[in-house]
Number of protein chains: 2
Amino acid sequence: MLDVLRHVHLHPETTRAELARDLGLSRGSATEILARLRALDLVEETAAEPTGARGRPTRTVRRHDRGPVVAAVDVSYESWRLAVSHLGGGLEPLRRERYGGQPAEDVLGRISRALREVRTAFGARLRAVGVSMSGTVSGGRLVESATIGWRDVEVAERLRIAPIPVVIGNDATMAGVAEARRGAATGADVALHVAVEVGVGGVVLEHGRATTGSTGAGGEFGHLPFGDPDRPCPCGAHGCWDLEVDGRALARILGAPPPAAPRSAADAVLRRAGEGDPAALAAVEQVARNLGRGIGGLVNALDPRIVTLSGVAAALLDQAGDSVRAAYLSGLMRFRRHDPPPLIRAAFPRDGSLRGAAELAFDTVLSEAGLDSWRADARPAPETV
Amino acid sequence: MLDVLRHVHLHPETTRAELARDLGLSRGSATEILARLRALDLVEETAAEPTGARGRPTRTVRRHDRGPVVAAVDVSYESWRLAVSHLGGGLEPLRRERYGGQPAEDVLGRISRALREVRTAFGARLRAVGVSMSGTVSGGRLVESATIGWRDVEVAERLRIAPIPVVIGNDATMAGVAEARRGAATGADVALHVAVEVGVGGVVLEHGRATTGSTGAGGEFGHLPFGDPDRPCPCGAHGCWDLEVDGRALARILGAPPPAAPRSAADAVLRRAGEGDPAALAAVEQVARNLGRGIGGLVNALDPRIVTLSGVAAALLDQAGDSVRAAYLSGLMRFRRHDPPPLIRAAFPRDGSLRGAAELAFDTVLSEAGLDSWRADARPAPETV
DNA sequence: GCGATTATGCTCGTGAGGCGATCATAATCG
DNA sequence: CGATTATGATCGCCTCACGAGCATAATCGC
């Protein structure tokens, strides 16, 4: 039953016959299970458009209009976004606000109010909240964020606006989940996502499951010491890869002071390089090599099938792809070079983290416990007369 | 049923009552399941020794004397070992041979013959073979081994002496599995194992499951570029961590030529350092810092609950623990420092890889398919009269 | 020593969940 | 318009685990 529901979630436009084939279900089981899902207002079945093939036409399985929804929040540099997602993964943007440099408490208060509005609008249909934060997340807390400027903020509890699960994760992790499940890494057994915004984030995904370590802080690849061992990192360590591949690295190579907004600084340098500025070009090439070399090391260590890139990493792949790839190849162990995992642009450069947050939130809905609680809400009194 | 069998495997000396409690089984189910397992010659039940407590005494659940066994092979530097393991994980060493610098084909032939002897001795009780190789393993092949000196050798198929599963993995991976399931990292949700012999190997374990990437080559942490970017590595890349933490690093720091046997060279330097030789001491300190710094980066990226160390890494922890730990802490992101994952000596410094190979081999036995095939063998003709 | 207490094992009825055979249904093909 | 083809619905069956009630075997307390 859960398998069926998950399949519908991942393949929103399947027909019933496909579903039975893909999951190896007998037609009898399919009938039974789908009847249950229909009764629970989770799916609807409608006549499929005629395919022209012989045989009795099958029916398409769709999400129910009054099925469960989740809220997805993405808190990134200077602005946050809120969207609602339903079975099948579609995203409905609801709100976007810029918040400048306001303190965490104020911003979380605003987000909390917005979530309460969602709760009012959707009632018990709202089953979970997924939150993506630009920064290091550990144990439900935002531990540190160079991007936002907050430190050690309790987020999960602060945004719990109802007795429903709240999942929180790093933005690169979330984006990786989106890529692995519905984006550029769909179907890969093991995928590596690398996002460069301010510093480097990423995640390894096994069959779409993020490996986030013991506290959820896994994927901080930017704090692997790939760089100059003498260069201090704001994280407290030295020689972090972070400092070699983002706007700070570009500025440093160009002899400019550390930028206040490394992401837009990177974009500016990339633009100048695109226009032919030789100094900018040289800096971009250098950073592209730093990126490629590090990814090579990560591939050696983690053995992914495919690598997806987003943010500045994707831009570098576009503008200095040869340098990225050359450094990548020469950073690989020899046996990998004849068939290296491809470097691919992320499919969701804009809303990957929002999508991933929705995805992880939906995981709690599409679980034994989530289904039980949905059942309990649908049938207020479990009659035993 | 599988859960019960796995529990018996992991806790060989449980009583039946404990088993039911731990797995949340009703007593009725326990009775039924254990009756089935007994009928299949998988477990035996004997009266437990009296505890002195009140109530009806329970019975201990043990492996059956004619239950399934697996063979475990460990091919390491200059010698290979063969052992047999049964339900519960106990290891019975059978053979150990030195093979000098012989070609792969000869050595695998010898191992194959030894395995066939095991097959003859145990017959259909032999259900799987686990092989641990000192070197990089990808897709069932030994791709490259600096230690053994072989390159691109098909191992899995070569050692298939019967229609039973053959699992093969890197020795550090196997040792990590053993640590996570029965050793120093037992119970950790996420554990990191780091082994330094010739170069660095390791693995991340989630609930005892090794994350070995898409081809099984995951965990080659030694080829992360933590070192001098200009130093070429035999693997083809540059600046590999490998070159900074093993016997080659110690020799280089001491101004000695590259050792033919880096592992014993490391032991020699460690012994001299232990005897107070100042040059050796300084080299050991330097390598200890290189090790600690890299582990710090790995912990940043992978977020384990605990780190287990074996080989030269464990020796460095013993002899230069303060240096390892200081470099480790200063390589950690700040937020991790107040409660860093502990660095711990491996519990199985000698036979971890053999144990891990047995463990992974037994995974195939303790699976749906493995149980089905055991059932099929026990009842030659599934009567339907 | 013997009933009371306590903890465990066994039996049996129940229910969930899925399989597969059989029949029913709805399209296209000739 | 029947033959063919693919799908849906129904029903008996099987497996698996639960849980209530009874049986069993130890210690405790008098």
Side-chain angles (χ1 to χ4, degrees), chain A residues 1-8 14-40 42-62 366-369 371-372 374-376 379 382-385, chain B residues 1-8 13-40 42-62 367-369 371-372 374-376 379 382-385:
Chain A
M1 181 146 170
L2 268 177
D3 292 337
V4 173
L5 203 53
R6 290 198 187 112
H7 194 273
V8 173
T14 25
T15 68
R16 182 163 169 168
E18 262 179 36
L19 216 155
R21 264 194 301 274
D22 290 357
L23 296 177
L25 280 175
S26 71
R27 292 203 297 268
S29 305
T31 299
E32 220 175 321
I33 292 172
L34 283 168
R36 282 200 299 259
L37 293 178
R38 269 198 316 260
L40 284 169
L42 287 167
V43 306
E44 275 176 343
E45 288 184 283
T46 56
E49 77 282 12
T51 61
R54 260 197 211 183
R56 177 173 176 173
T58 185
R59 291 198 260 171
T60 49
V61 181
R62 297 213 157 72
L366 303 180
S367 68
E368 206 68 59
L371 206 54
D372 282 353
W374 177 258
R375 261 191 283 253
R379 312 271 165 89
E383 300 288 339
T384 345
V385 185
Chain B
M1 180 145 169
L2 269 177
D3 292 337
V4 173
L5 203 52
R6 291 200 186 110
H7 194 274
V8 173
E13 288 296 309
T14 24
T15 69
R16 182 164 171 168
E18 261 179 38
L19 215 155
R21 263 195 301 274
D22 289 357
L23 296 177
L25 281 173
S26 70
R27 294 201 298 267
S29 307
T31 299
E32 222 176 319
I33 291 171
L34 283 168
R36 281 199 300 261
L37 293 178
R38 269 198 316 260
L40 285 168
L42 288 167
V43 305
E44 276 176 343
E45 288 184 283
T46 55
E49 76 283 11
T51 61
R54 262 198 209 182
R56 177 174 176 172
T58 185
R59 292 198 260 170
T60 49
V61 180
R62 297 214 156 72
S367 69
E368 206 68 59
L371 207 54
D372 282 353
W374 178 258
R375 261 192 283 254
R379 312 270 165 90
E383 302 287 340
T384 345
V385 184

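Numbered from 1 within each chain, the chains take letters A, B, ... in sequence-line order.
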Sub-4.5 Å side-chain heavy-atom contact between [X] and [Y]:
X	Y	answer
A:L366	A:L371	no
B:V4	B:H7	no
A:R38	A:E44	no
B:L19	B:T15	no
B:V43	B:L5	yes
B:L34	B:V61	yes

Measure from the side chain of A:R27, starting at C-beta and using heavy atoms only, and say which of C:dT22, C:dG9, C:dT28 lies closest.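 When the side chain of A:R27 is considered, C:dT22 is the closest of C:dT22, C:dG9, C:dT28.
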
For the pair made of [atom1] in [X] and [atom2] in [N], what is the distance, rounded to whole Å?
X	N	atom1	atom2	value
B:L37	C:dG9	CG	P	14 Å
B:E32	C:dC10	CD	C1'	11 Å
B:L34	C:dT11	CG	C1'	16 Å

Identify whether the distance between the nearest side-chain nitrogen and carboxylate oxygen of A:E45 and A:R16 falls below 4.0 Å.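 A:R16 and A:E45: salt-bridged.
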
Going 5' to 3' along DNA chain D, which are the first and last nucleotides with any atom under 4.0 Å from a heavy atom of chain A? D:dT4 to D:dT10

Mapping B:P57 and A:R59 onto DNA chain D by nearest heavy atom, which one lands closer to the 5' end? A:R59

Taking all non-hydrogen atoms of both residues, which atom of B:W374 and which atom of B:L40 are closest, and how far apart?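 Of all heavy-atom pairs spanning B:W374 and B:L40, the closest is NE1-O, 2.9 Å.
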
Tell me what B:T58 touches on the nucleic acid: a base, only sugar-phosphate, or nothing, going by heavy atoms under 4.0 Å. sugar-phosphate

Is A:T31 touching bases, backbone alone, or none of the nucleic acid, heavy atoms closer than 4.0 Å?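 Base: the residue A:T31, judged by heavy atoms under 4.0 Å, touches a nucleobase.
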
Any [X] side-chain N or O less than 4.0 Å from OP1/OP2 of [N]:
X	N	value
B:R21	C:dT8	yes
A:R36	C:dG18	yes
B:R16	C:dC10	yes

Side chain to side chain donor-acceptor pair (under 3.5 Å) between B:R62 and B:T46, worked out: CA-CA 8 Å; B:R62 297 214 156 72; B:T46 55; 2.8 Å; yes

Reading DNA chain C 5' to 3', how would its secondary structure be written in dot-bracket notation, given Watson-Crick and G-U pairs with both distances under 3.5 Å, brackets [ ] for crossing pairs and | for partners on other strands? ||||||||||||||||||||||||||||||

Nearest-nucleotide wise, let me know which of A:L25 and B:A30 is further upstream toward the 5' end of DNA chain C.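 Closer to the 5' end of DNA chain C: B:A30.
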
With DNA chain C as reference, determine whether A:L2 or A:R56 sits nearer its 5' end, using the nearest nucleotide of each.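 First, find each residue's nearest nucleotide; the 5'-ward one identifies A:L2.
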
